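Start at 1 and go down the list; that is how both ligands and their atoms are numbered. It should be emphasised that the depicted structure is a prediction, and the values quoted were computed from it without experimental measurement.
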Amino acid sequence: MPKFAANLSMMFTEWSFLDRFAAAADAGFAAVEFLFPYEYSADAIAAQLQRHGLTQALFNLPPGDWGKGERGMAALPSRLSELQAGVETALIYAEATGCRRLHLMAGIAPADDAKARAAYREAVAWTAGRVGEAGRTLVLEPINGRDMPGYFLNDFAYAEALITELALPNLRLQFDIYHRAIMHGDVTMALRRLMPMIGHIQIASVPSRHEPDAEEVNYPFLLAELDRLGYDGFVGCEYRPAGHTVDGLGWFKPHRGILA
Ligand SMILES: O=C(O)[C@H](O)C(=O)CO
Ligand SMILES: [Mg+2]
């Protein structure tokens, strides 16, 4: 069975952020992920991981000004130097936490804009090279336009083509099943075909983005499929609990304590 990572940006929000690590460990998770650690010191995050025996599965590179609606900078031609500075910051956190996967967000830009595409390709290639020097993997995640209107990377085929074209040893796809189901469907066949390039997987119910035990996606089947496909990465639980986080963990009980 896959190694699940509790997403501390969406789960356990009944606790303050730094207390969510204990809550996730108490609930049986051996790994965590989150959007951004940058409000806290790298040492503070590392201390929580160590204290509760947790593995850091993934976090995002700095996205620009999230509060002003920015959702990444990679496809924004004028922001490369700010993106590069952000990578250096993220690598400090990756080193402190032992995190080996970093997600580069593309930003809000027209997906068919030639300058945005050129900027994105340059930023991805540079960032993969830089995090590769630090022994890390860079992942790219197509995100659906209902959750993130105007997001540049809104198509799995484009992400697949770029990863294939660049052919970098540490550049992988972040396959969020929630987004795949909304954007394209055909989840099982896409998992089978894209498995060689998948670096991280995330799950949530569709369409409500709640616990993965209801609505239109059959996760018991898909999680067994991941085993059949030999996927040995993490499965990020990137969902908004429908009620109290702990009350909604019935789906997780068979998987509690699976070591990261
Ligand atoms: O929203 C998502 O699915 C991504 O995983 C993310 O980290 C950006 O919000
Ligand atoms: Mg996701």
Considering only protein heavy atoms, which is closest to [atom], and at what distance to one decimal place?
| atom | result |
| --- | --- |
| atom 1 (O) of ligand 1 | Arg209 NH2, 3.5 Å |
| atom 4 (C) of ligand 1 | Glu141 OE1, 2.7 Å |
| atom 8 (C) of ligand 1 | Met105 CE, 3.5 Å |

Close-contact set for ligand 1 against [X] heavy atoms, below 4.0 Å:
| X | answer |
| --- | --- |
| Met148 | 9 (O) |
| Asn60 | 6 (C), 7 (O), 8 (C) |
| Gln174 | 5 (O) |
| Asp176 | 3 (O) |
| Glu238 | 1 (O), 2 (C), 3 (O), 4 (C), 5 (O), 6 (C), 7 (O) |
| His179 | 1 (O), 2 (C), 3 (O) |
| Gln202 | 5 (O) |

Could you label the plane-to-plane angle of the [X] and [Y] rings as parallel, tilted or perpendicular, counting under 30° as parallel and over 60° as perpendicular?
| X | Y | value |
| --- | --- | --- |
| Tyr93 | Phe59 | perpendicular |
| Phe29 | Phe252 | parallel |
| Phe4 | His255 | tilted |

Would you say the side chain of Leu191 lies within less than 4.5 Å of the side chain of Tyr231, judging by non-hydrogen atoms?
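When only atoms from C-beta onward are counted, Leu191 and Tyr231 do not touch, as no gap falls below 4.5 Å.
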Whether Arg71 lies under 4.0 Å from ligand 1, heavy atom:
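For ligand 1, residue contact (heavy atoms, under 4.0 Å) with Arg71 is absent.
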In a check of side chain to side chain donor-acceptor pair (under 3.5 Å) between Asn7 and each of Arg240, Arg20, Glu33, which one passes?
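Exactly one pass, corresponding to Glu33.
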Sidechain N-carboxylate O distance under 4.0 Å for Asp176, Arg209
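A salt bridge links Asp176 with Arg209.
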Mark yes or no: Arg228 above the aromatic ring of Phe221, with NZ or CZ under 6.0 Å from the six-membered ring centre and no more than 45 degrees from the axis.
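The answer is yes; both the distance and angle limits are met.
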Metal proximity, Gln202 vs the Mg ion (ligand 2), N/O/S cut-off 2.8 Å:
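Yes, since at least one N, O or S atom of Gln202 sits under 2.8 Å from the Mg ion (ligand 2).
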What do we get for Leu35 next to ligand 1 when only non-hydrogen atoms under 4.0 Å count, side chain, backbone, both or neither?
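Leu35 to ligand 1: side-chain contact only, backbone stays beyond 4.0 Å.
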Would you say that more than 12 heavy atoms from the other residues, nucleotides or ligands in this model lie under 6.0 Å from the CD of Glu165, or not?
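Yes, because the 6.0 Å sphere around CD of Glu165 holds more than 12 heavy atoms from other groups.
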Degrees at the Mg ion (ligand 2) between the OD2 atom of Asp176 and the OE1 atom of Glu238, nearest 10°
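Approximately 90° at the metal, rounded to tens of degrees.
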Test side-chain contact (heavy atoms from CB on, under 4.5 Å) applied to Asp186 and Phe156, step by step:
CA-CA 12 Å; Asp186 204 24; Phe156 270 71; over 6 Å; no
Report the name of the N/O/S atom of Glu141 located nearest to the Mg ion (ligand 2).
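Distance check against the Mg ion (ligand 2) picks out OE2 in Glu141.
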Give me the atom names and distance for the closest heavy-atom approach of Asp232 to Lys3.
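Smallest heavy-atom distance, with atoms named: O-NZ, 2.9 Å.
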